[in-house]
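See below for the structure under consideration.
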Amino acid sequence: MKQEYEDRIQRAVDYFKEGYNCSQAVFLAFADIYGIEEETAKRLSAGFGGGVGRMRMMCGAVSGMVMLAGLETGQTEGGDSAGKANCYQEVQSMVNLFKERNGSVICAELLAMNGCKVVTNSNIPDDRNAEYYKKRPCAQKVASAARIFAEYLDKK
């Protein structure tokens, strides 16, 4: 894989460790390729963290990857069924690969697999401290989603 992509994977992890949510971390690491300014990228991806608004649904790292896939392959005309089908095919491929590598794409399941307490009825994010990073699998999931997207780009 190109060093540029390895650097972007590391950048995604670094963004997460700076306090950005999992979706922001993945999306920010690649958004510049598509001419998206950093602040816009942060805002676009902000609501997808914590499994969508901390509701523990689809992993935010996966959501960030899916948004990137849309930027790469998404159709821009409503009637473009072939373009839509192509985008969906690429998204399904990436999401299925994430699931194969990580066991799930559901935030709550990924957390539970790591022995984390799963809270779904709170909008308050957990404090980012040493214990958080020690127990949470999120940085690894961010790296996994970023790697899958980088692998996709590298094959093009």
Side-chain angles (χ1 to χ4, degrees), residues 1-2 4-34 36 38-74 87-120 122-156:
M1 182 180 312
K2 293 179 187 174
E4 171 195 356
Y5 297 139
E6 292 291 348
D7 293 345
R8 288 179 183 278
I9 294 164
Q10 184 58 52
R11 192 176 314 155
V13 172
D14 292 344
Y15 278 128
F16 182 76
K17 290 181 177 179
E18 288 173 21
Y20 294 100
N21 73 41
C22 38
S23 182
Q24 287 174 313
V26 173
F27 193 69
L28 278 166
F30 295 90
D32 65 298
I33 295 172
Y34 304 98
I36 298 177
E38 189 172 292
E39 182 157 337
T40 300
K42 290 173 185 176
R43 289 180 184 272
L44 279 170
S45 53
F48 292 94
V52 182
R54 201 169 185 264
M55 292 188 292
R56 306 300 186 211
M57 296 188 291
M58 185 185 312
C59 170
V62 174
S63 294
M65 180 181 69
V66 168
M67 288 190 298
L68 291 167
L71 287 171
E72 186 66 30
T73 67
C87 179
Y88 290 171
Q89 179 180 359
E90 297 300 339
V91 166
Q92 288 177 15
S93 177
M94 289 180 207
V95 171
N96 287 333
L97 189 53
F98 185 93
K99 186 174 183 179
E100 179 183 306
R101 291 180 182 178
N102 295 282
S104 181
V105 296
I106 305 301
C107 177
E109 292 174 3
L110 293 166
L111 291 174
M113 283 184 225
N114 227 52
C116 297
K117 180 179 178 188
V118 179
V119 177
T120 58
S122 172
N123 65 315
I124 308 301
D126 293 319
D127 290 334
R128 297 281 186 98
N129 54 37
E131 187 61 31
Y132 175 94
Y133 289 111
K134 182 178 173 183
K135 192 162 191 163
R136 288 295 180 105
C138 305
Q140 295 89 354
K141 304 316 170 196
V142 163
S144 181
R147 179 165 302 283
I148 290 166
F149 191 70
E151 289 168 355
Y152 171 81
L153 291 178
D154 197 49
K155 288 179 187 173
K156 288 185 71 184

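Residue numbers count from 1 along this sequence.
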With a 3.5 Å cut-off and no angle check, do the side chains of Glu72 and Tyr34 form a donor-acceptor pair?
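Yes.
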Would you please say whether a donor-acceptor pair under 3.5 Å links the side chains of Lys42 and Tyr20?
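Present: a donor and an acceptor within the cut-off.
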For the residue pair Val26 and Leu68, what are the closest heavy atoms and their distance?
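Distance-wise, the nearest heavy atoms are O-CD1, 3.7 Å.
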Which heavy atom of Ala29 sits nearest to which heavy atom of Tyr15, and what is that distance?
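Closest approach of Ala29 to Tyr15: N-CE1, 3.9 Å.
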In the structure I gave you, are the side-chain heavy atoms of [X] and [Y] within less than 4.5 Å of one another anywhere?
X	Y	answer
Ser93	Leu97	no
Met113	Ser104	yes
Val62	Asn102	no
Gln89	Gln92	no
Met67	Phe48	yes

Where do Arg8 and Ile33 land on the side-chain contact (heavy atoms from CB on, under 4.5 Å) test, with the steps shown first?
CA-CA 11 Å; Arg8 288 179 183 278; Ile33 295 172; 3.6 Å; yes
Is a salt bridge present between Lys155 and Glu151, judged by a nitrogen-to-oxygen distance below 4.0 Å?
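No.
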Pair Arg54 + Asp126: basic N to acidic O under 4.0 Å:
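Judged by the 4.0 Å cut-off on N to carboxylate O distance, Arg54 and Asp126 do form a salt bridge.
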For Tyr133, does the OH atom sit with more than 12 other heavy atoms under 6.0 Å from it, leaving out its own atoms?
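Yes, OH of Tyr133 has more than 12 neighbouring heavy atoms, counting only those of other groups under 6.0 Å.
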Looking at Ala150, is its backbone amide N or carbonyl O close enough to the side chain of Asp154 to form a donor-acceptor pair, meaning the two atoms are under 3.5 Å apart?
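Between the backbone of Ala150 and the side chain of Asp154 there is no qualifying donor-acceptor contact (under 3.5 Å).
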Donor-acceptor under 3.5 Å (Asn114 side chain, Cys116 main chain)
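No, Asn114 side chain to Cys116 backbone: no donor-acceptor pair under 3.5 Å.
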Is it the case that Arg11 places NZ or CZ above or below the six-membered ring of Phe30, under 6.0 angstrom from the centre and within 45 degrees of the axis?
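Judged by the rule (NZ or CZ under 6.0 Å from the ring centre, within 45° of its axis), Arg11 is not positioned above Phe30.
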